[in-house]
Structure formats: C-alpha cells, structure tokens
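The next block holds one structure in the form of structure tokens; read it before the comments.
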Amino acid sequence: MIENSNENLQDINEILQVRRKKLSELVSNGENPYAVTKYEVDASAKQIIENYDNFEGKAVSLAGRIMSKRGMGKASFCDLSDRDGKIQLYIRKDEVGEDSYEKIKKIDIGDIAGVTGEVFTTNKGEISVKVNAFTLLSKSLQPLPEKFHGLKDQDLRYRQRYVDLIVNPEVKNTFITRSKIVSSMRHFFDSQGYLEVETPVLNNIPGGAAARPFVTHHNTLDMNMYLRIATELHLKRLIVGGMEKVYEIGRIFRNEGMSPRHNPEFTTVEVYGAYTDYNDMMTLTENLVCHVAKEVLETLEITYQGEEINLTPPWNRMTMVDAVKNYTGIDFSAIQTDEQARNAAKDANIAIENTDTWGTILNKLFEEKVEQHLVSPTFIIDYPVEVSPLAKKMQSNPRLTERFELFITRREIANAFSELNDPIDQRERFEEQVRQRAAGNEEANMMDDDFVLALEYGMPPTGGMGMGIDRLVMLLTDSPSIRDVLLFPTMKPKKIGEQS
RNA sequence: GCGCCAUUAGCUCAGAUGGUAGAGCAACUGACUCUUAAUCAGUAAGUCCGGGGUUCGAGUCCCCGAUGGCGUACCA
C-alpha cells in the first residue's frame with residue numbers, strides 16, 4: 001500500500017501530494033503511523049472539561065483527531081477532537097524537545113494523534129493540556145473541509161457521512177440522541193415485561209402493510225423472496241404462540257418514492273400485547289413517547305422547525321368522522337350510501353374514483369383536509385374498515401375499526417389497532433386485498449394462508465402498535481429531513497453508465 | 001413521475017449587461033513561547049458538474065444529460 005503512494009502523484013492535486021510525501025518520509029524514518037496498533041487513553045475531552053477540578057494539574061493521556069493548528073513559533077496550539085468533545089492542546093518546544101517539535105509542526109489537520117500531558121487553564125481561560133509527549137497514530141491524506149463553515153454540501157454530507165461527522169459536531173449529537181432514543185425505548189418496553197424478538201427480514205409473502213416490496217432471490221432454493229415491509233404478521237404469530245407481550249425494533253423496506261420523509265429502508269418498532277385493545281395502546285403510546293422525551297431530552301416541550309409542540313398528556317383524541325366534520329363540515333355519520341359519499345367528496349373538490357366507497361372517501365377527506373392541521377399530538381381514532389385490513393371491526397359500527405393513528409407536526413408517527421383475530425373475517429379481507437391486487441393495486445396485500453391458519457388456532461384479543469422511529473427521531477432532534485437522522489441514507493450512485 | 005432551484009480551487013462562497021476566473025479558510029515558505037475563525041509577509045492551487053449548440057469569443061445564452069435540495073404526486 002505504502003509503496004503505491006507515489007504511483008500517480010502527477011494525477012492528484014498538490015494538497016494530496018504534500019500529504020503523501022509527508023507519509024513516505026515518516027515511513028522511511030521507520031515511523032509509519034499506520035503500524036501503530038494501540039494507544040492507552042485514560043481520559044476524554046468532555047470528562048476533563050466537565051470535571052476540571054479533579055483533573056487540574058493531573059497527567060492525562062488522550063487521543064483524537066487534530067482539528068486545527070495555531071503555530072506561534074516555539075509554541076503551538078491545536079484542537080483535539082475525541083469521541084464526545086474537543087480540547088485544546090498546548091505544545092511547547094522546551095516541553096517536548098526540539099526533534100519532537102519539528103515533527104509536530106509537520107502534522108496536518110485531520111491527523112489522529114495521542115498525547116500525554118498536564119491539564120491546566122490558559123491565561124485566556126481555556127482548559128487545555130500541556131503536552132509532554134505527542135504520538136502520531138494515523139495520517140490523514142485528505143484535507144478536511146473548512147473549520148468555520150464545516151461541510152455544507154448536502155450531497156457530500158450524505159455520501160461521505162464520516163466527513164460530516166468529523167466536522168459538523170451537531171450531526172454527531174443527532175445520532176447520539178437517536179441511539180439514546182432507541183435505548184430508552186428498549187428500557188421502556190423491557191421494564192413493562194415486553195420481550196424483544198427478531199423475525200425474518202426475508203419473507204416469502206410480504207405483509208402487514210400496503211407497500212410495494214423489494215424482491216430478491218435465494219440461489220439454493222431458487223426462488224424469489226421479499227424484504228419485509230412490516231413486522232406485524234410474524235409478531236402476531238408469536239401472540240398466537242403464547243408470547244403474550246412482544247416487540248421488535250427493526251429495519252423494514254418499501255420500494256416506493258423517496259422524499260424528505262421517506263427512505264426506502266427505515267426503522268419501526270412494533271409492539272403487541274395480548275388481552276389489550278387499542279385504548280390500551282393509546283395509553284402505551286403516550287407513555288412511551290413521554291418516557292423517551294423525558295429521559296433523552298429532559299422536557300416535554302419541544303420545538304420542531306420553529307413550531308412549539310407540547311407532549312404533555314393527555315393528547316387530543318378525535319374520531320375520524322368528527323375530525324372530517326370539524327374541518328370540512330361534512331358529517332359522515334349522516335351519510336349512508338357510497339353514492340352520497342361520492343357526492344360529498346365532489347362538493348369538497350376531492351378527486352375520487354368509481355371504486356371509492358364510504359370508507360375510502362372518508363379517509364381521503366381526512367388525508368386531504370384534516371392531516372395538515374394536526375400539529376399537536378392527536379390520536380385520530382376509528383378508521384374505516386376498507387383501509388384497515390388487519391384491524392378489528394367496532395361492535396357499534398361495522399364500517400369502522402378499532403384503530404388509531406397518532407399525528408404530530410402533521411405527520412403520522414404511529415398506527416395501532418385492536419388486532420383482527422377472526423380468521424374467517426381475516427381471510428375475507430385478504431381476499432378483498434387479492435382482488436384489488438388483481439385489479440392493479442401493487443400495494444395491496446397478498447394472501448397469507450399461514451397467517452390465517454395461525455389465527456385459526458386462536459389468537460387472544462390483542463392490541464398492537466407500530467411507530468416510525470425515524471420520524472420520532474426527526475421530531476425529537478428537530479431534523480427537517482429523514483436523511484438527517486439516517487447515518488447512511490439511500491443515495492443514487494454518482495457516476496453511472498461509465499462501465500458496462 | 002412532474003416542476004423550480006443549485007453545481008466555480010480540498011472546503012465556504014463572489015463572479016450586472018457574453019470578453020478568457022477571484023476572495024477567505026486549508027496547503028506550502030518564512031517570522032512569532034498563552035493562541036483560539038491567531039496574526040504578519042510571500043507562494044502555489046481550477047475538466048467553472050458532463051456533452052452538444054449559438055457566437056469572433058461562453059462560468060455567463062440555448063438544448064440534452066448527471067447528481068442533489070425543495071415542492072408536488074405516490075406512500076392505509
């Protein structure tokens with residue numbers, strides 16, 4: 001590798017050449033930085049700064065990336081950035097020795113170094129480490145983006161997230177928060193007796209949602225398989241099997257359009273509890289989000305893109321029929337036939353098709369006229385059966401199901417219902433989905449005979465809830481795009497068509 | 001999928017009306033032992049996203065394409 005470093009020197013720009021030259025000099029002096037295997041670290045920048053009284057005057061050993069250099073002749077200052085912070089290094093020629101100082105002058109911004117030294121405060125009041133030994137631990141051959149503006153180019157930030165993380169500290173914080181949110185969720189479910197499980201990502205029949213799946217191929221079995229579009233149907237099989245409280249946090253895949261709120265792969269949590277219903281799931285959802293917000297953000301009052309959101313329960317609860325009535329004046333409880341519903345939709349300027357029914361039209365009106373108003377946390381409850389193929393019908397009105405969706409900042413955050421456990425009803429609903437599929441709806445469910453068979457063995461009354469974790473993280477980290485909460489968002493390759 | 005906008009040095013950005021590209025940071029050389037967007041002097045650095053076209057002349061105008069951002073459509 002090292003021998004190759006001179007190979008195409010003419011082809012690369014001067015900055016890269018200079019760094020490669022510095023590397024080969026180190027190598028020929030027997031100081032190949034890439035040969036170093038280990039460095040003892042006993043403190044971090046954040047620890048030192050937060051517990052300065054304990055560290056003042058003490059010897060510490062630190063390692064991290066050099067982020068800036070301020071040379072002043074026989075003394076230099078650097079900023080060293082490590083896992084959770086940044087600290088200034090003060091390097092004096094008379095402290096480290098002449099040879100060492102000359103070498104330190106040649107380091108580049110971006111190099112990884114280990115230092116030992118004494119913690120002190122400069123005259124200007126900055127907590128620093130007076131270095132007595134400096135070890136280059138890895139050479140950076142690429143120049144970093146500018147120290148003040150950081151990396152702004154969105155394309156590069158997503159494609160080269162490692163650079164984004166190095167130079168834009170708030171990015172690292174977002175992902176630390178994401179990690180804490182997921183961890184807090186696990187604690188919440190675990191402490192309530194839910195069991196975390198893992199179900200297959202490779203599915204024979206993708207189900208549990210209306211979405212086009214990704215198709216892949218298994219060579220030995222010589223058959224196509226699908227990446228899962230939800231975890232729902234497997235988790236409910238586990239309820240049938242007597243695992244009464246289960247949850248899964250996992251990646252799902254939907255072969256659909258991309259937008260600031262949609263990535264082809266994203267993470268959901270789904271939770272199921274036997275002997276509970278959608279009302280219990282509403283309470284659970286409220287408790288979950290509040291638990292996470294309190295634990296991670298230490299507040300229930302957040303700001304999302306300039307709008308203040310108060311997460312303090314209880315949250316608004318509104319039936320879909322009431323919601324549509326409030327915002328459009330159209331009262332679906334007074335509408336009986338599909339024909340009447342279609343006329344109401346026309347009056348409201350909603351585009352409809354001949355296949356639309358009372359329930360699908362109610363849902364369309366809700367999506368087009370109501371969703372945009374749901375900024376504060378709001379549970380919309382009692383969804384039409386046509387758009388809820390896996391939810392239990394309401395006893396009081398079989399056109400509706402015991403289902404809710406949670407909206408915050410106009411976005412769907414969670415979806416839950418009293419799970420349909422009637423195998424005969426479930427089979428009929430699948431058959432309806434299959435008909436829609438045959439009619440060209442690529443997002444309709446496929447028949448899942450094994451799932452129906454499972455229900456035939458008997459599933460207890462069960463409440464279930466699914467939540468988009470990426471969207472929750474967006475909300476809690478005030479991130480405008482889903483790509484800001486995904487370390488490596490899906491990107492189109494930059495160069496195409498060159499080889500083939 | 002459609003529409004609008006963006007793409008200029010490693011990074012952040014300027015480049016009216018078409019006249020042959022500029023700053024700051026980073027880099028390099030030098031000065032400087034408490035600086036912190038260090039300072040000072042000097043040097044070097046470009047496939048102006050790619051490909052066509054108009055023109056005596058294109059970073060700039062036109063067409064096609066690439067990637068991204070936003071909006072819209074789609075997404076129970």
Side-chain angles (χ1 to χ4, degrees), chain A residues 12-19 21-22 67-79 86-96 101 106 108-110 120-128 130 140-160 163 167-168 208-212 229-230 254-264 266 320 351 359-360 362-364 366-367 371 380 383-391 401 403 405 411-412 415 417 433 436 441-445 466 468 480-481 483 489 491-498:
Chain A
I12 58 178
N13 89 39
E14 187 199 342
I15 295 174
L16 301 182
Q17 289 191 36
V18 167
R19 294 203 176 197
K21 235 168 112 184
K22 285 180 180 175
M67 296 303 291
S68 65
K69 282 172 30 179
R70 292 177 293 282
M72 311 198 43
K74 298 188 182 66
S76 297
F77 292 89
C78 296
D79 289 326
K86 196 187 238 187
I87 193 165
Q88 179 171 265
L89 307 179
Y90 178 45
I91 304 160
R92 294 169 62 107
K93 192 172 185 174
D94 57 12
E95 193 82 27
V96 296
Y101 195 75
K106 290 204 172 129
D108 288 301
I109 290 172
F120 78 112
T121 303
T122 63
N123 294 340
K124 296 277 169 65
E126 177 152 357
I127 295 170
S128 306
K130 189 185 286 176
S140 170
L141 299 177
Q142 294 285 341
L144 284 178
E146 201 213 340
K147 61 187 169 189
F148 188 61
H149 296 94
L151 183 65
K152 289 246 176 88
D153 187 310
Q154 294 283 57
D155 189 24
L156 286 179
R157 289 185 52 206
Y158 296 142
R159 285 179 199 278
Q160 294 185 274
V163 179
V167 298
N168 295 327
R212 280 192 296 171
I229 57 173
R254 295 186 183 176
N255 205 341
E256 290 169 348
M258 292 163 67
S259 83
R261 289 162 297 282
H262 300 83
N263 196 67
F266 60 105
M320 186 180 276
T360 61
L362 172 61
N363 188 56
K364 280 187 177 174
F366 170 75
E367 287 180 350
E371 271 188 21
I380 296 297
Y383 276 59
V385 66
E386 294 95 321
V387 296
S388 313
L390 300 161
T401 59
R403 173 181 176 194
E405 287 191 345
R411 288 178 194 161
E412 178 198 339
N415 178 23
F417 24 92
Q433 292 286 310
Q436 287 187 23
N441 180 358
E442 285 184 273
E443 282 149 14
N445 277 262
S481 168
R483 290 181 154 186
M491 300 290 280
K492 229 172 167 175
K494 199 97 201 230
K495 288 176 188 167
I496 54 170
E498 288 209 342

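Here is the naming used below: chain letters follow the sequence lines, and residue numbers restart at 1 for every chain.
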| request: Could you pick out which residue, A/L151 or A/M72, lies toward the 5' side of RNA chain B when each is mapped onto its nearest nucleotide? | output: A/L151
Would you mind reporting whether [Y] and [X] have side-chain heavy atoms less than 4.5 Å apart?
X      : Y      : value
A/Y101 : A/S76  : yes
A/R403 : A/N415 : yes
A/F77  : A/K69  : no
A/I380 : A/F366 : yes
A/C78  : A/I91  : yes
A/I87  : A/D79  : no
A/P264 : A/M258 : yes

Salt-bridge criterion met for [X] and [Y] (N-O under 4.0 Å):
X      : Y      : result
A/D155 : A/R159 : yes
A/E442 : A/R212 : yes
A/K74  : A/D94  : no

If you measure from the [atom1] atom in [N] to the same atom in [M], how many Å do you get, rounded?
N     : M     : atom1 : answer
B/U36 : B/C25 : C1'   : 15 Å
B/U17 : B/G59 : P     : 13 Å
B/C2  : B/A9  : P     : 30 Å
B/G71 : B/C63 : C1'   : 25 Å
B/G69 : B/U54 : P     : 35 Å
B/A58 : B/U47 : C1'   : 15 Å
B/U20 : B/G57 : P     : 15 Å
B/C5  : B/G65 : P     : 16 Å

| request: Would you give a per-nucleotide map of nucleotides 22-27 of chain B, 5' to 3', where B means the base has a protein non-hydrogen atom under 4.0 Å away, S means only the sugar-phosphate does, and - means neither? | output: --BBBS
| request: Any chance you could list the contact pattern along nucleotides 69-76 of chain B? Use B for base contacts, S for sugar-phosphate-only contacts and - for none, protein heavy atoms under 4.0 Å, 5' to 3'. | output: SSS-B-BB
| Given the rule that a pair is Watson-Crick or G-U wobble with both distances under 3.5 Å, how would you write RNA chain B in dot-bracket, using | for pairs to a different strand? | (((((((..((((.....[..)))).(((((.......))))).....(((((..]....))))))))))))....
Could you state the [atom1]-[atom2] distance from [X] to [N], rounded to the nearest angstrom?
X      : N     : atom1 : atom2 : value
A/R159 : B/A66 : CZ    : P     : 13 Å
A/E442 : B/G1  : CD    : P     : 15 Å
A/D153 : B/G10 : CG    : P     : 13 Å

| message | From the set B/U33, B/C34, B/G68, return the single nucleotide nearest to any side-chain atom of A/D94. | response | B/U33
| message | Is the distance between the ring centroids of A/Y383 and A/F417 under 6.0 Å? | response | no
Heavy atoms under 4.0 Å, any strand shown: does [X] hit a base, just sugar-phosphate, or nothing?
X      : result
A/R157 : nothing
A/G150 : sugar-phosphate
A/D79  : nothing

| field | Anti/syn call for B/A16, syn if |chi| within 90° | value | syn
| What heavy-atom pair brings A/N363 and A/M320 nearest, and what distance separates the two atoms? | OD1-CE, 3.5 Å
| request: Ignoring backbone atoms, establish whether A/K492 has a side-chain N or O less than 4.0 Å from OP1 or OP2 of B/U67. | output: yes
